[in-house]
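I have a structure I would like to understand better, so I am pasting it below and will then ask my questions one at a time.
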Amino acid sequence: MGKKGKAAARERREERRREVTLLRAVPYEPHQRWWDGLAPARAVAVVTGASRGIGYEISRQLARHGLHVVLASRDAARGRDAAERILREAEEAGAEWRQLDVADAASVEAFAAWTARTHGGIHILVNNAGVNFNRGADNSVEFAEQVIQTNYFGTKRMIEAMLPLLKPSPYGARIVNVSSRLGRANGRRNKIGDASLREQLLSDDCLSEELIDGMVTKFLEQVKQNSWSSIEWPQMYTDYSVSKLAVNVYTRLMARRLSDRSEGQKIYINCFCPGWVKTAMTDWEGNISAEEGADSGVWLALLSQELCTVGKFFAERREISF
């Protein structure tokens, strides 16, 4: 892409950013606030990795819309402080913190048991917890195991544990996975080099849990053997990109598994890219705020039932390709 093309693309992004800013300022009409229809109970949302950054901002915005939000994170001090800040900001907000490490199966099991005892179930699950150890032009795979365990297996672990706790309702339950454009199977600049694997990942007929797990296992084995190649795997932030590719295709797989649920039992699962956000994960080098980055996730969680979709990938409130 030449200079003119890049400038035009940048202008289109800025224009869409301005449009979404205006949309975010528009309040939900009473008929759009499906969560109010659950009264006298209050809709419960769980947000992982919620003590800071995008997770905190998603929690804050959901609470401001009147939901009770469980901020889940590893760090107790940060998590409690985050929940307290939300409560101070809006008297009507409901927020509490609970310890959770999505990379630890026992922690996830304990969190699910606490949720069942305390709330009886939830209506929204936002899988935001994630790590990325690369910055700038770095592309180390030193922490690939931790990245895959947290970003992909952690998301998968949470969905498996919380699926039985998603409450049935006429409005449907929601699962929102925070992902990244870096996880596109066929991205222009950051894609899987193996054409056969790429084709299988993009084909609903070929997609399976075994395929996804096999892909990340193969990558980790190559990392351990120091035989991985940027020709075969994504070229930018390789371990992070592979983990988010797995999240993206797992979202599609789960959408297919959940597609035949009857009315009143529906679960709408989608993923979104928040963009390059000014958070600790990017060393504050992003080009948009956490408030802007959280927007599409909040929008997906609160979409009215008639507009709900399933198994799609979004950015700036628009569907994008996998």
Side-chain angles (χ1 to χ4, degrees), residues 16-38 42-73 78-98 100 119 122-130 158 171-180 268-282 286-305 307-308 314-318:
R16 182 56 185 169
R17 182 180 172 185
R18 290 189 289 269
E19 290 174 359
V20 172
T21 298
L22 293 174
L23 289 171
R24 194 164 59 249
V26 177
Y28 284 85
E29 296 291 338
H31 72 276
Q32 297 173 314
R33 294 174 59 91
W34 58 265
W35 54 98
D36 288 344
L38 300 170
R42 177 180 273 189
V44 177
V46 165
V47 182
T48 68
S51 63
R52 62 182 185 177
I54 295 168
Y56 169 75
E57 189 57 40
I58 289 175
S59 301
R60 188 183 73 85
Q61 292 184 31
L62 289 176
R64 290 189 69 182
H65 284 301
L67 286 82
H68 182 90
V69 183
V70 179
L71 290 82
S73 69
R78 280 183 180 159
R80 290 193 179 99
D81 178 68
E84 288 169 3
R85 277 185 284 146
I86 289 173
L87 290 171
R88 286 196 301 267
E89 183 178 303
E91 291 182 3
E92 71 280 4
E96 63 183 316
W97 172 81
R98 189 71 182 177
L100 172 68
H119 296 288
I122 65 171
H123 303 88
I124 296 170
L125 171 63
V126 180
N127 287 305
N128 167 73
M158 279 300 292
Y171 314 103
R174 321 294 167 90
I175 300 175
V176 180
N177 296 328
V178 181
S179 192
S180 172
Y268 302 104
I269 180 170
N270 295 284
C271 54
F272 82 101
C273 174
W276 195 32
V277 183
K278 295 175 185 175
T279 64
M281 184 178 282
T282 64
N287 54 18
I288 63 173
S289 67
E291 181 181 4
E292 292 173 292
D295 176 77
S296 289
V298 175
W299 172 74
L300 281 170
L302 300 183
L303 267 182
S304 57
Q305 187 189 18
L307 296 177
C308 272
F314 290 87
E316 293 88 39
R317 299 196 184 192
R318 283 180 175 170

Testing the basics here: between Val176 and Ala301, what is the closest heavy-atom pair and its distance to 0.1 Å? CG2-N, 4.0 Å
Looking at Gln305, is its backbone amide N or carbonyl O close enough to the side chain of Trp34 to form a donor-acceptor pair, meaning the two atoms are under 3.5 Å apart? no
Is any side-chain heavy atom of Val178 closer than 4.5 Å to a side-chain heavy atom of Asn127? no
How far apart are the closest heavy atoms of Gly37 and Tyr171, and which atoms are they? CA-OH, 3.6 Å
Closest non-hydrogen contact found for Ser59 with Val47 is OG-CB, 3.4 Å
With sequence neighbours left out, write down each residue that passes salt bridge (Lys or Arg N to Asp or Glu O under 4.0 Å) with Arg42, or none if nothing qualifies. none
Any side-chain heavy atom of Arg174 within less than 4.5 Å of one from Val126? no
Check salt bridge (Lys or Arg N to Asp or Glu O under 4.0 Å) between Glu291 and all other residues, then give those that pass, not counting sequence neighbours. Arg24
Contacts of Asn270 that satisfy side-chain hydrogen bond (donor to acceptor under 3.5 Å, both in side chains) - sequence neighbours left out: none
Residues that His119 engages under side-chain hydrogen bond (donor to acceptor under 3.5 Å, both in side chains), provided they are two or more places apart: Glu96
Side-chain polar contacts of residues 79-87 - donor-acceptor pairs under 3.5 angstrom, sequence neighbours left out - could you list them?
{"unit_1": "Asp81", "atom_1": "OD2", "unit_2": "Arg85", "atom_2": "NE", "d": "3.1"}

In terms of heavy-atom contacts, Leu38 and Ala43 come closest through CD1-CB, 3.6 Å
Using atom types as modelled and distance alone, determine if a side-chain donor or acceptor of Thr48 lies under 3.5 Å from a backbone N or O of Ala72. no
If you measure from CG on Asn177 to CE on Met158, what distance do you get to the nearest 0.5 Å? 10.5 Å
Who are the side-chain contact (heavy atoms from CB on, under 4.5 Å) partners of Ile122, not counting sequence neighbours? Val44, Val46, Thr115, Leu125, Met162, Leu166
Contacts of type ring-ring contact (aromatic ring centres under 6.0 Å, His included), residue Trp35, not counting sequence neighbours: Tyr28
How far does CG of Leu62 sit from CD1 of Ile124, to the nearest 0.5 angstrom? 5.5 Å
What closest approach, in Å, do Glu292 and Thr21 show between heavy atoms, and which atom pair accounts for it? OE2-OG1, 4.2 Å
Where is the tightest heavy-atom contact between Leu300 and Cys271, given as atom of each residue plus distance? CD1-O, 4.2 Å
Only counting residues at least two apart or in another chain, list the ones meeting salt bridge (Lys or Arg N to Asp or Glu O under 4.0 Å) with Glu316. Arg181
Under the side-chain hydrogen bond (donor to acceptor under 3.5 Å, both in side chains) test, residues paired with Arg318 that sit two or more places apart: none
Gap separating the OG atom of Ser296 from the CD1 atom of Ile54, nearest 0.5 angstrom: 10.5 Å
Check step by step if side-chain contact (heavy atoms from CB on, under 4.5 Å) holds for Leu67 and Leu302. CA-CA 10 Å; Leu67 286 82; Leu302 300 183; 3.9 Å; yes
To the closest 0.5 Å, what do you measure between CZ (Phe272) and CG (Asp295)? 8.5 Å
Would a 4.5 Å heavy-atom cut-off, applied to side chains only, mark Arg52 and Arg78 as touching? yes
Counting only N and O atoms by type, is there a donor-acceptor contact under 3.5 Å from the side chain of Gln61 to the main-chain atoms of Ile58? no
Across all chains, not counting sequence neighbours, the side-chain contact (heavy atoms from CB on, under 4.5 Å) partners of Arg64 are Arg60, Glu89
Ring centres under 6.0 angstrom apart (Phe314, Trp299): yes
With sequence neighbours excluded, residues passing salt bridge (Lys or Arg N to Asp or Glu O under 4.0 Å) with Arg88: none
Quick one: side-chain contact (heavy atoms from CB on, under 4.5 Å) partners of Leu307, sequence neighbours excluded? Leu303, Ser304
